[in-house]
Protein chains: 2
Amino acid sequence: MRIGEIAALAGVTPRAVRHYHHLGLLPEPERRPNGYRAYGVRHAVELARIRRLTELGLALAEIRDVLADDEGRELTEVLVELDRDLARQEAEIHSRRERLAGLLEQVRDGGLPPEGPVSPGLAELLRAIAPSDSPTARKDRGHLALVDSLVDDEQRDAFLDALRPLADDPELAARTAELYAALDELADARVDDPRIAPLAAEFSAAVPDTLLRLMGSGPPADGHPFGQALLGDFAPAQAEVVRRLMADLVRRSREL
Amino acid sequence: MRIGEIAALAGVTPRAVRHYHHLGLLPEPERRPNGYRAYGVRHAVELARIRRLTELGLALAEIRDVLADDEGRELTEVLVELDRDLARQEAEIHSRRERLAGLLEQVRDGGLPPEGPVSPGLAELLRAIAPSDSPTARKDRGHLALVDSLVDDEQRDAFLDALRPLADDPELAARTAELYAALDELADARVDDPRIAPLAAEFSAAVPDTLLRLMGSGPPADGHPFGQALLGDFAPAQAEVVRRLMADLVRRSREL
DNA sequence: CCTTGACCTTGTCGTAGCGTCAAGGTTTCT
DNA sequence: AGAAACCTTGACGCTACGACAAGGTCAAGG
């Protein structure tokens, strides 16, 4: 048989057969005078066996080991390990699908937030803040999504619990929107603008103790690279508010 | 922030961040005078978003499209398609695991046949033939495994049903073993050996009509590449038996 | 006899998502 | 001043082949 024939017989492509030769999975057969590979039934039997193993999901290198190791115990061991691996993959895919289902539910509940896929609790929270079209609010929604995607489930729940009043209390949400708007207005202000100090104080007052307690290694300080970057993300006067806010949060968290 | 810092913050490696730059997923930030990339919080927010999407299982190219297409509907569509894809993968893995479970059961039932993973029915059949350590029997077990791995489930069941008597009737299995042994003895015989004709007839008689009916395009003839290869797999006198057997099977199948 | 079409040959590049060197420059700490 | 821990670009490696390219072979038909 020529390569196309044996490949069709075994249900693979000629390219795959050559690949198996290359990897040493299948011995190279004799050649005809014209250079064509001349396969016998033995090769077909071996090829079919290789295909059965690949269909189970074994990697070609593993198949090579199994075939070489003149088996018995080896194959069983590989199969057990393969099953563990497949079980893990299946579980992983399943959990991804569950998260996907949750996201698609969010879509029906009012559309995905533009921040992309986030936990259901945060989606709710973002919707509460979303009406505010302020640049600062948009920025802060990004920050919330960042935190959301960073922490583990337990921390996330605590985090969302701490912020739940924002989602549940329309009045509080409105207050927050006002704070964002006030910060917006500082976009072009100078760093000695008198509105800075009181706004920082109000922002700090809006951060509950529960949230402070969550920040394990303390709130971002402006010595930290992240704190620096955060300041760099704002206009000067706004950055001054943020700096004072951060300093106050650090102070408060030390007093806890 | 430097690349290592933002990477650690988002839970990825610096290499991955550079990779996202390369693909255009994440914009390249400004550089510090020394050439280091200088990241802001905006980048961290975007990076976290990318990571959330990759964790859902989206391909990076899809993520790029979603991010570029300034979204809304696009993302939802991609997620739906992704879910279909994941469902398919999950089903595939699941079916593989079921086959694996069947194989591991075979292992407990008496070990895997050296022919590798085969359908449960064939494993039983192979065990019935296995006691015969004859080279011909070994070869034929390979042929059986080849057929087993080739046909679809329906054909396979019919095939195994046709051969079930071999597995169930010890006397018949013993008869078959004798036939194999007789063929073994022709390994060094000449092509005019008088044992050839009767042996071919006996082999033909051992093939039930039910099996013949299964061979859609007729039993292998020696004009066919596979038939040729099959003959080449045997010693001359043995090949002569096989040739006569094939011819007789063709004749019988035409008479059906 | 020549062509056409369906085969075959070797060799190389591409895929996805980075990991892992290599070879060098920067910053920081001791 | 030297070591440790960063950073830079560039290039190869991994899986299991698919998809070329550029050519040789063979059987059938005009």
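Since this is a predicted model, take the numbers as computed values, not measurements. We name chains A, B, ... by the order of the sequence lines, and we start the count at 1 in each one.
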**Asked** Does a side-chain heavy-atom distance below 4.5 Å link A:Arg96 with A:Leu100?
**Response**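 A side-chain contact under 4.5 Å is absent here.
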**Prompt:** How about B:His43 and B:Arg37: do any of their side-chain heavy atoms sit closer than 4.5 Å?
**Reply:** no
**Request:** May I ask you to decide if the ring planes of B:His22 and B:His19 are parallel, tilted or perpendicular, using 30° and 60° as cut-offs?
**Result:** parallel
**Request:** Kindly state which residues belonging to residues 85-98 of chain B come within less than 4.0 angstrom of DNA chain C, counting heavy atoms of the residue only, listed by number.
**Result:**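 Those residues: none at all.
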**Item:** Neighbour count above 12 (heavy atom, 6.0 Å) for A:Glu255 CD
**Value:**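 Count over threshold, so yes.
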Can you check the [X] [atom1] to [N] [atom2] distance for me, whole Å?
X	N	atom1	atom2	result
B:His22	D:dC12	NE2	P	14 Å
A:Ile3	C:dC7	CD1	P	13 Å
B:Glu62	C:dA16	CD	C1'	12 Å
B:Met1	D:dC6	CE	C1'	16 Å
B:Arg18	D:dC7	CZ	C1'	7 Å
B:Arg64	C:dC18	CZ	P	14 Å
B:Ile50	C:dC18	CD1	C1'	14 Å

**Distance-only donor-acceptor test, B:Tyr20 side-chain atoms vs C:dG17 base atoms, 3.5 Å** = no
**Request:** For D:dG30, give its Watson-Crick or G-U wobble partner with both distances under 3.5 Å, or none.
**Result:**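 Matched D:dG30 with C:dC1 under the 3.5 Å cut-off.
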Please determine, for the side chain of [X], which listed nucleotide ([options]) has the closest atom?
X	options	value
A:Ala59	D:dA16, D:dT9, C:dT9	D:dA16
A:Arg2	C:dT9, C:dT26, C:dC7	C:dC7
B:Arg31	D:dG24, D:dT9, C:dT10	D:dT9
B:Asn34	D:dT8, C:dT9, C:dT26	C:dT26

**Message:** Does B:Thr13 reach a base, just sugar-phosphate, or nothing at all? Heavy atoms under 4.0 Å.
**Reply:**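 Contact class for B:Thr13: sugar-phosphate only.
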**Prompt:** Tell me the ring-ring contact (aromatic ring centres under 6.0 Å, His included) pairs involving residues 219-256 of chain B, sequence neighbours left out?
**Reply:**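 Those involving residues 219-256 of chain B do not exist here.
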**Message:** Tell me whether A:Glu46 is salt-bridged to A:Arg42, with the criterion being a basic N under 4.0 Å from an acidic carboxylate O.
**Reply:**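 No, A:Glu46 and A:Arg42 are not salt-bridged.
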Protein-nucleic acid N or O pairs under 3.5 Å, nucleotides 21-24 of chain C:
none

